[in-house]
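So you know, we letter chains A, B, ... as the sequences are listed, proteins then strands, and number each from 1.
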Number of protein chains: 2
Amino acid sequence: MPTVASPSPAEDALETGATASIVGYRLRRAQLSVFQKFHAVFEELKLRPAEYSVLVLIADNPGRKQTEIAEALGIKRANFVTLVHGLEERGLVERVPSANDRRANALHLTRAGEAFLAHARAVHTAMEDELVARLGGAQARDRLLALLDRLT
Amino acid sequence: MPTVASPSPAEDALETGATASIVGYRLRRAQLSVFQKFHAVFEELKLRPAEYSVLVLIADNPGRKQTEIAEALGIKRANFVTLVHGLEERGLVERVPSANDRRANALHLTRAGEAFLAHARAVHTAMEDELVARLGGAQARDRLLALLDRLT
DNA sequence: TATTGTTATACTCTATAACTATA
DNA sequence: TATAGTTATAGAGTATAACAATA
């Protein structure tokens, strides 16, 4: 008697035990899964994860310069230029030349940007609620975030 | 009296509370951090995360065809070609034409590949042990993996 | 007809160097 | 000299389409 029971066809599965126990590997798979969900949900809004985080950070820190926002999100300032440019072209973000430092651009949301973000935040909250439910509740979410913190 | 105490210079930090509570965002930062560590540790072995997982999977499932290994790791078979080709050129992997299906290549590690992987596994175990210690022990690691499973 | 490995190709994300205008 | 924003560019990683050989 080889195993307890294997009723289904089952083909012949691969031995994946060694990879399955790797923290980095499992972390990557979970992150890809969550981001795929994000892309599916935000397809209608044409908004990528990085763009959403930029809008949120500008809304919560109006008037900061590009370098500050970029650095806080781990985005190189060279790559941040294109990202902000796209948001500006869509009328969501304004680059206002700074009064005291004429090298810097102060970032603000436009009226349209604030309305758009309000909608995006609602969509995101619904997605996040679903994730938290899958995790088993708010406490489970907090335990996950605490564990992730130790890896960062 | 504005706040309880803020002795250090502190510049003026950004408000990041909204992004900090996003599961996907924290997941991505943690994954990037772990992968950066991987790259640093495996620089001397010239081995990327995907290549390491391929070697492990071939070692644990010798004789399987490319498509099977690629699919198990979520790698498109078109992209898998280049990856395996690199490992073959380094003398770590063999592509043996399958006896029963002449379309397929059966994958095996070479002698050199097995020796190399033994070393890589040791290096990886050391890295993993350090991660587990940071998490707070094996139980904490298992709790993390269980939570990540629910997101995948 | 379907599958295996392959090539070609394109798109995103990320990283570095170098320029300008200001400080 | 150093910093802010910018441009150009190159390298990964990933995605699809199409082909030849074989099933």
Going 5' to 3' on DNA chain D, which nucleotide is the first and which the last to come under 4.0 Å of a heavy atom in chain B?
->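 Using the under 4.0 Å cut-off, the span is D:dA12 to D:dA23.
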
A:R103 side-chain proximity, nearest of C:dT22, C:dT4, C:dA18: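 For the A:R103 side chain, the nearest candidate turns out to be C:dT22.
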
Starting at atom [atom1] of [X], determine the distance to atom [atom2] of [N], rounded to an integer number of angstrom.
X	N	atom1	atom2	value
A:L32	C:dT12	CG	P	17 Å
B:R48	C:dT14	CZ	P	17 Å
A:K46	C:dT12	NZ	P	12 Å
B:Q31	C:dC13	CD	P	14 Å

Within the 4.0 Å heavy-atom criterion, would you say B:N105 contacts the bases, only the backbone, or no part of the nucleic acid?
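Contact class for B:N105: sugar-phosphate only.
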
| message | Need one value for B:A78: base, sugar-phosphate or nothing, where a base atom within 4.0 Å counts as base even if backbone is also close, heavy atoms only. | response |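 If one applies the 4.0 Å heavy-atom cut-off, B:A78 turns out to touch a base.
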
message = Can you confirm whether B:H85 is buried at NE2, in the sense that more than 12 heavy atoms of other residues, nucleotides or ligands lie under 6.0 Å from that atom?
response =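 It does not: B:H85 NE2 has 12 such atoms or fewer within range.
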
Report task. Please indicate whether B:E71 has more than 12 foreign heavy atoms, meaning atoms of other residues, nucleotides or ligands, lying under 6.0 Å from its CD. Result ->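 No, because the 6.0 Å sphere around CD of B:E71 holds 12 heavy atoms or fewer from other groups.
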
Exercise for review: Report yes if at least one side-chain N or O of A:R102 is closer than 4.0 Å to OP1 or OP2 of C:dT20; otherwise report no.
Suggested key: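 Negative; the distance criterion is not met.
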
Residues of residues 51-76 of chain B with any non-hydrogen atom less than 4.0 angstrom from an atom of DNA chain C: list those, numerically ordered, please.
->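 B:K65, B:Q66, B:T67, in order of number.
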
Under the side chain to side chain donor-acceptor pair (under 3.5 Å) criterion, do B:Q66 and B:N105 qualify, and how do the steps go?
CA-CA 6 Å; B:Q66 294 186 188; B:N105 290 337; 3.2 Å; yes

*Does any N or O in the side chain of A:R64 come within less than 3.5 Å of the main-chain N or O of A:I69, such that one atom is a donor and the other an acceptor?*
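Checking the backbone N and O of A:I69 against the side chain of A:R64, no donor-acceptor pair under 3.5 Å is found.
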
Is the backbone of B:G113 close enough, under 3.5 Å, to the side chain of B:T110 for a donor and an acceptor to pair up by distance?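 Checking the backbone N and O of B:G113 against the side chain of B:T110, a donor-acceptor pair under 3.5 Å is found.
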
Between B:T82 and A:R77, which residue's closest nucleotide on DNA chain C lies nearer the 5′ terminus?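 First, find each residue's nearest nucleotide; the 5'-ward one identifies B:T82.
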
TODO: Please tell me which of A:A99 and A:P49 maps to the more 5' nucleotide of DNA chain C, matching each residue to the nucleotide holding its nearest heavy atom.
DONE: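 Comparing both residues, the 5'-ward one is A:P49.
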
ring-ring contact (aromatic ring centres under 6.0 Å, His included), paired with A:Y52, selected from A:H39, A:H119, A:H124: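 Filter result, single survivor: A:H124.
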
Is it true that B:D149 and A:R134 have a side-chain N and a carboxylate O under 4.0 angstrom from each other?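 Not counted as a salt bridge, because no side-chain N and carboxylate O are separated by less than 4.0 Å.
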
TODO: Would you sort out whether B:R121 and B:D60 count as a salt bridge (Lys or Arg N to Asp or Glu O under 4.0 Å), showing the intermediate values?
DONE: CA-CA 13 Å; B:R121 276 184 143 132; B:D60 294 353; 3.3 Å; yes

(Q) Quick check on DNA chain D: between A:R28 and A:F80, whose nearest nucleotide comes earlier from the 5' end? (A)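 Comparing both residues, the 5'-ward one is A:F80.
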
**Message:** Walk me through whether B:L55 and B:L47 qualify under side-chain contact (heavy atoms from CB on, under 4.5 Å).
**Reply:** CA-CA 10 Å; B:L55 289 180; B:L47 205 62; 4.1 Å; yes

